[in-house]
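Predicted model only: the values in this text are computed from it and were never measured. Just follow the structure's listing: the first ligand is 1, and inside any ligand the first atom is 1.
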Amino acid sequence: MTVYDLDLEQLTERLVSWGEPAYRARQVYAQLWRRSATYDEMTDLSAALRGRLEAELPLGVEVLDERTADRGATRKVLLQLGGRHVIETVLMGYRDRATACVSSQSGCAMNCSFCATGQMGLMNNLSAGEIAAQVVWARRAAHKLPPSTPQRITNVVFMGMGEPLSNERHTFGALEKITGAMGIGDRHVTVSTIGVAPAIPRLAEAFPQVGLAVSLHAADDVTRNALVPANKLWPLAELQDAIDAWRERTHRRPSIEWAMIDRTNDSDDQAERLAPIALRLRAHVNLIPLNPTPGWPSQPSPPERIRAFVAILEDAGVAVTVRDTRGREIEAACGQLSLEHEGVAARSR
Ligand code: SAH
């Protein structure tokens, strides 16, 4: 837990119990969320009050490691939240936008074979405040992005560690803070899921403007069961129904994420099976060349295989992009940096 877990009412209650006027809490709250300020920077408060805030309501965001790549346009940080959970947050600057990629859990229970976070198992759910605090960190770090990119966070994606829809309550709580107190537009926020089917319509109901990305990775149940064990719980037919329900409620275009894995899910046959699924769901397909992880021997698909896969999809009329892979040299694949810091991660269990 961090101060970011308190809403304005709870913060007011605390400060009033210390003998402060209610407007002081509004002052602190606005600076925490709108200015991403630390207590040190709240120079309009007395030193005594700043000290008490620091001691009793700590921000709870400690940077353990920070790396940059792509000439400073990618920044990856290992954060310790609430004095316990160690997670990764990534900031990516592009010409027209700057995206914060946040974690929803430390570790993950979904156990996808190719994913570094999946290989470490689930340690903890993050609280709503701990998820939102990562966006606060990213907003501060955005000032250090190169001048060729916006120096403020325009987009947030839930594509860091963990499965956001397995931590539904806190993910929804974080969405409320990010789109509410932080003032980031719902349409600029995307939740990425492995396909927790029952939670997808609930996301649409609660946040009809928030985007949805589904990590499909395979277009038949046998192949998908092997890569994504959660497919045994929510097989492709059920998952597609859930995405349909989401589309009906939101009238938005979902994304399909697909890691391109050499001789695993990159055949013509997979592309031919994916095309009708993507067309029916009116989905945009994002292909991501696999980022190899220590716990799994597979390699990314070679460029000519990716080109052939793209051609089949395009010929069928599917909107497809090959995602540029950011920050390979800084272990920016989901979970890789914390694997490297296993010792730290283990202590946070
Ligand atoms: N659990 C959520 C969000 C975290 S993963 C989900 O599954 O969508 C974010 C994205 O990175 C997912 O599409 C995931 O499949 C992909 N990913 C994970 N490990 C990867 C790797 N080693 N190489 C390429 N993409 C990977």
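- Note on Arg247 versus Asp244: salt bridge recorded, some NZ/NE/NH1/NH2 to OD/OE distance being below 4.0 Å.
- Residues that satisfy the salt bridge (Lys or Arg N to Asp or Glu O under 4.0 Å) test with Arg273, not counting sequence neighbours, are Asp269.
- Ion pairing between Asp65 and Lys76 fails under the 4.0 Å rule for side-chain N and carboxylate O.
- Numbered from 1 in the order shown, with element, the atoms of ligand 1 that lie under 4.0 Å from a heavy atom of Ile194 read 6 (C), 7 (O), 8 (O).
- Near Glu257, meaning under 4.0 Å from any of its heavy atoms, are these atoms of ligand 1: 13 (O).
- In the vicinity of Gly162, heavy-atom distances shorter than 4.0 Å reach the ligand 1 atoms 1 (N), 2 (C), 3 (C), 4 (C).
- The N/O atoms of Pro164, backbone and side chain alike, include none that comes under 3.5 Å of an N/O atom in ligand 1.
- Here is the list of ligand 1 atoms found below 4.0 Å of a heavy atom in Cys115: 18 (C), 19 (N).
- Residue-ligand proximity: Phe158 is placed with a non-hydrogen atom under 4.0 Å from ligand 1.
- Counting heavy atoms closer than 4.0 Å to ligand 1, residue Thr293 contributes side-chain atoms (C-beta onward) but none from N, CA, C or O.
- Judged as a ring pair (Phe, Tyr, Trp, His ring centres under 6.0 Å), and not counting sequence neighbours, the contacts of Trp258 are Phe309.
- Within ligand 1, counting atoms from 1 as listed, the ones closer than 4.0 Å to a heavy atom of His217 are 14 (C), 15 (O).
- Heavy atoms from both the backbone and the side chain of Met159 come within less than 4.0 Å of ligand 1.
- Remark: among candidates Gly160, Ser192, Pro292, the nearest residue to atom 4 (C) of ligand 1 is Gly160, based on non-hydrogen atoms.
- The proximity of Met110 to ligand 1, defined as any non-hydrogen pair under 4.0 Å, does not occur for either the backbone or the side chain.
- In the model, Ser104 has no side-chain atom that pairs as donor or acceptor with a side-chain atom of Glu163 under 3.5 Å.
- A side-chain donor from one of Thr293 and Gln119 sits under 3.5 Å from a side-chain acceptor of the other.
- Contact annotation for Val214 and ligand 1: no heavy atom of the residue comes within less than 4.0 Å of the ligand.
- By the 4.0 Å N-to-carboxylate-O rule, Arg84 lies too far from Glu130 to be salt-bridged with it.
- At least one donor-acceptor pair closer than 3.5 Å links the side chain of Ser106 to the backbone N or O of Asn124.
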